[in-house]
Trainee: 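Supplied in structure tokens, the structure appears directly below.
Not measured: the values here are computed from a predicted model. We number each residue from 1, following the sequence as shown.
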Amino acid sequence: MFGAAVAYHGHVRATRDIDLVPDPREENLRKLWRALEALDARPLALGDLQQKELPVGWSPEALLDHGNRDLATAHGRVDILQYVHGKLETPEDYDALAGKAEPVDIGFGVFLVVGYEDLIDLKTLAGRDQDLTDIRALREARDETSAG
């Protein structure tokens, strides 16, 4: 989760996708749908399930249910994160996350990178091996040797 943000905050590593946390308001999610449609985005299969067996079809309404999605696009994988228990559950949680994010100009536009402390929180909540490795590397990069 948030591999590009990890690199931005000091630990460069390969990542297979880009993670997006969209503004959860309907107007924005409909814009996101149009952008994803232009990228020919399609849900990845979940385990042994086929895309046609997913509980919610891929449509603008699927984004409006505020779930998480992993998508294949014409330009690579995109993960849409709209819900993280304990951190990202409401529009107000999104506003708090966005309010502490850091703007980055990439030449053709500005995007927000999740703030360092929020990134640590999100990775702690996810708790996967890669997330814990990232936390250690980020803390080392910032000389936070006393942090657990």
Side-chain angles (χ1 to χ4, degrees), residues 1-139 141:
M1 179 185 300
F2 297 101
V6 168
Y8 175 81
H9 287 292
H11 173 57
V12 178
R13 67 165 173 83
T15 185
R16 63 186 175 144
D17 62 9
I18 186 81
D19 299 310
L20 300 179
V21 179
D23 181 324
R25 289 155 187 89
E26 182 174 351
E27 178 182 330
N28 185 67
L29 292 176
R30 292 201 182 274
K31 287 179 187 176
L32 175 59
W33 170 260
R34 289 189 297 275
L36 291 169
E37 213 173 24
L39 293 171
D40 194 27
R42 298 286 176 258
L44 295 169
L46 299 177
D48 292 330
L49 295 177
Q50 300 289 322
Q51 290 181 23
K52 64 185 176 187
E53 297 175 297
L54 296 175
V56 177
W58 183 232
S59 67
E61 289 67 33
L63 281 177
L64 294 173
D65 77 2
H66 300 289
N68 297 329
R69 305 272 178 213
D70 52 348
L71 307 170
T73 77
H75 297 284
R77 182 173 166 162
V78 175
D79 291 350
I80 306 295
L81 303 169
Q82 297 187 83
Y83 179 86
V84 177
H85 181 72
K87 185 71 174 179
L88 185 61
E89 299 182 36
T90 68
E92 293 78 21
D93 292 338
Y94 169 84
D95 291 340
L97 196 67
K100 294 182 276 179
E102 300 181 28
V104 176
D105 187 339
I106 57 172
F108 58 87
V110 174
F111 71 99
L112 298 176
V113 174
V114 66
Y116 178 78
E117 293 301 327
D118 286 324
L119 178 60
I120 297 296
D121 288 349
L122 288 163
K123 287 193 157 289
T124 300
L125 287 167
R128 297 171 298 198
D129 289 341
Q130 183 62 60
D131 296 308
L132 301 176
T133 298
D134 287 343
I135 291 169
R136 284 190 299 274
L138 286 164
R139 288 185 169 150

Trainee: Quick one: CG on Asp79 to CG on Asp19, what's the gap to the nearest 0.5 Å?
Mentor: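 Spacing of CG (Asp79) from CG (Asp19) equals 5.0 Å.
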Trainee: Of the non-hydrogen atoms in Val113 and Tyr8, which two are nearest, and what is the gap between them?
Mentor: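 Answer, listing the atom of Val113 first, then Tyr8: CG1-CD2, 3.6 Å.
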Trainee: If only atom types and distance count, is the side chain of Asp93 paired as donor or acceptor with the main-chain N or O of Thr90 below 3.5 Å?
Mentor: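 A pair under 3.5 Å: yes.
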Trainee: Between Pro24 and Leu29, what is the shortest heavy-atom contact and its length?
Mentor: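 Nearest pair, atom of Pro24 first, then Leu29: O-CD1, 3.4 Å.
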Trainee: Where is the tightest heavy-atom contact between Val21 and Tyr94, given as atom of each residue plus distance?
Mentor: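 Of all heavy-atom pairs spanning Val21 and Tyr94, the closest is O-CE1, 3.5 Å.
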Trainee: Out of curiosity, Arg42 CZ to Leu36 CG, how far, rounded to the nearest 0.5 Å?
Mentor: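 Here the interatomic distance stands at 10.0 Å.
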Trainee: Got a second to check how far His11's NE2 is from Arg136's CZ, nearest 0.5 Å?
Mentor: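 Those atoms lie 10.0 Å apart.
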Trainee: Would you say the side chain of Leu32 lies within less than 4.5 Å of the side chain of Ile80, judging by non-hydrogen atoms?
Mentor: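 When only atoms from C-beta onward are counted, Leu32 and Ile80 do touch, with a gap below 4.5 Å.
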Trainee: Can you tell me if CG on Asp105 sees more than 12 non-hydrogen neighbours from other groups inside 6.0 Å?
Mentor: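 Yes - once you tally the heavy atoms of other residues, nucleotides and ligands closer than 6.0 Å, there are more than 12.
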Trainee: When you compare the side chain of Pro43 with that of Arg69, does any pair of heavy atoms fall below 4.5 Å?
Mentor: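 They are not in side-chain contact.
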Trainee: Roughly how far, to the nearest 0.5 Å, is CG of Asp121 from NZ of Lys87?
Mentor: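 CG of Asp121 is found 4.0 Å from NZ of Lys87.
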Trainee: Using side-chain heavy atoms (C-beta onward) and a distance below 4.5 Å, is Arg139 in contact with Ile120?
Mentor: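 A side-chain contact exists here, since the closest heavy-atom pair is under 4.5 Å.
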Trainee: Is the side chain of Arg77 donor-acceptor paired with the backbone N or O of Leu44 at a distance under 3.5 Å, no angle test?
Mentor: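 No.
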Trainee: Between CG of Asp23 and CG of Asn28, what distance do you get to the nearest 0.5 Å?
Mentor: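 Between atom CG of Asp23 and atom CG of Asn28 there are 4.5 Å.
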Trainee: Distance from Leu112 atom CG to Leu20 atom CG, nearest 0.5 Å?
Mentor: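 Rounded to the nearest 0.5 Å, the CG-CG separation comes to 11.5 Å.
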Trainee: Mind listing the closest non-hydrogen atom pair of Thr73 and Gly76 along with its distance?
Mentor: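 Thr73 and Gly76 have their closest heavy atoms at OG1-O, 2.5 Å.
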Trainee: Do the side chains of Arg30 and Leu63 get nearer than 4.5 Å, heavy atoms only?
Mentor: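 No, their side chains stay 4.5 Å or more apart.
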Trainee: Just by modelled atom types, is the Val114 backbone N or O under 3.5 Å from a matching donor or acceptor in the Asp118 side chain?
Mentor: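 Checking the backbone N and O of Val114 against the side chain of Asp118, no donor-acceptor pair under 3.5 Å is found.
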Trainee: Is it true that a side-chain atom of Gln82 and a backbone atom of Gly67 form a donor plus acceptor pair closer than 3.5 Å?
Mentor: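 Pair found, side chain donor or acceptor close to backbone of Gly67.
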Trainee: Would you say Trp33's side chain and Leu64's backbone share a donor-acceptor pair under 3.5 angstrom?
Mentor: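 Side chain of Trp33 to backbone of Leu64: no pair is present.
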